[in-house]
Every structure is written in structure tokens, then in C-alpha cells.
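All remarks here apply to the structure that follows.
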Amino acid sequence: MPKTLRLHTLSQDEAILRAPNIELTFPLSKDVLELIEDMKVTVKKAPGIGLAAPQVGANLMLAIIHLEEFGIEAFALINPKVISRSIKKTAMEEGCLSIPKVFGQVKRPAKVEVTGYTQEGRKVHIKGGKLLAKVLQHEIDHLNGILIADKFEK
Ligand SMILES: [Zn+2]
């Protein structure tokens with residue numbers, strides 16, 4: 001049975017949140033597949049719209065996007081990269097499961113194109129706007145050791 005994992009926070013676990021994350025190779029190991037199921041349960045329970053592996057203590061290039069409210073079933077995104085960004089930027093209030101109760105305005109490109117892999121190893125190409133663009137960028141930032149607290153508009 002998938003289990004809820006401990007959410008690592010900036011105040012207690014900064015070293016893990018800032019550490020480099022390792023690219024995964026396919027097929028994924030049984031341990032990584034189990035981690036993915038645990039992360040899906042954890043992000044739903046939090047609740048959150050995204051969760052990156054370092055946030056649960058695993059320094060791997062893996063994130064879960066959870067936008068079920070918007071009709072997108074929770075999915076794992078592996079080794080993701082932003083390959084193009086719109087010139088237009090928009091600010092949105094963002095929060096982070098690693099920085100509980102703190103919200104702030106973060107300015108980011110309004111649209112992005114991301115490539116990555118599904119948990120089965122299928123290559124995906126996602127063009128996102130609005131909230132999907134923001135959550136993709138927020139999670140990919142985590143995979144590069146960047147947190148929203150670094151980006152709050154002053
Ligand atoms: Zn976050």
C-alpha cells in the first residue's frame with residue numbers, strides 16, 4: 001500500500017532541498033515506482049498541486065503534477081526540462097509544501113514547453129499555460145534546488 005511521506009521543509013531540511021538531483025534511467029526500479037505511488041498519495045493528502053522528489057527526501061529528477069480539480073489525473077514527470085518560455089511573464093500567488101503557511105507573488109513566464117518522460121519511459125512534450133505553466137516551473141525549480149522564497153517579488 002502506498003504511504004504518506006514526510007514533507008521536508010526549508011527550515012529543517014534545506015541541504016536536501018538544495019542538493020543536486022540525479023536523472024533517472026529506464027526502466028525505473030521497483031523502489032522508484034514505489035516512491036512515485038507514495039508521492040501521489042502524499043501530494044493528494046497535503047493537499048498540493050505538485051510535489052518534487054527532494055521535498056520527500058529523494059534527490060531524483062522526478063516530480064508529481066496533481067491537477068485533478070482541473071481534469072488532469074496525477075502524473076509523474078521524470079527528467080523534465082523547460083525547452084521554451086513565453087516572453088510574457090505573469091505574477092501569481094504561490095505557496096509550497098516545503099514552506100508551510102507562506103505565500104508570495106512569483107513572476108514567471110506565462111507559458112512554457114516542457115519535455116520529460118512518463119513513469120513508463122514514454123517521452124512527453126507538454127505545452128502549458130496558466131496554472132499548469134506555473135506548477136511545471138515551480139516543480140522544475142525544485143529539481144534545480146530553487147524555492148519560491150528565492151523568487152518572491154519584493
Ligand atoms: Zn514547492
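Counting starts at 1 for both ligands and their atoms, in listed order. Since this is a predicted model, take the numbers as computed values, not measurements. The figures here come from the full heavy-atom set of this structure, side chains too, leaving out hydrogens, waters and symmetry mates.
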Item to check | Under the side-chain hydrogen bond (donor to acceptor under 3.5 Å, both in side chains) test, residues paired with H138 that sit two or more places apart | outcome: E94, H142

Checklist entry - Could you state the interatomic distance from CD (E113) to CD1 (I83), rounded to the nearest 0.5 Å? => result 5.0 Å

Checklist entry - Does CD belonging to E93 count more than 12 external heavy atoms closer than 6.0 Å? => result yes

Checklist outcome for this item: What lies under 2.8 Å from the Zn ion (ligand 1), restricted to protein N/O/S atoms, is C96 SG, H138 NE2, H142 NE2

Checklist entry - Would you call D13-R18 a salt bridge at under 4.0 Å N-O? => result no

Next on the checklist: Using a 3.5 Å distance criterion without hydrogens, assess whether the side chain of N21 forms a donor-acceptor pair with backbone atoms of L62.
Outcome noted: no

Checklist entry - Charged N to carboxylate O under 4.0 angstrom, K44 versus E68? => result yes

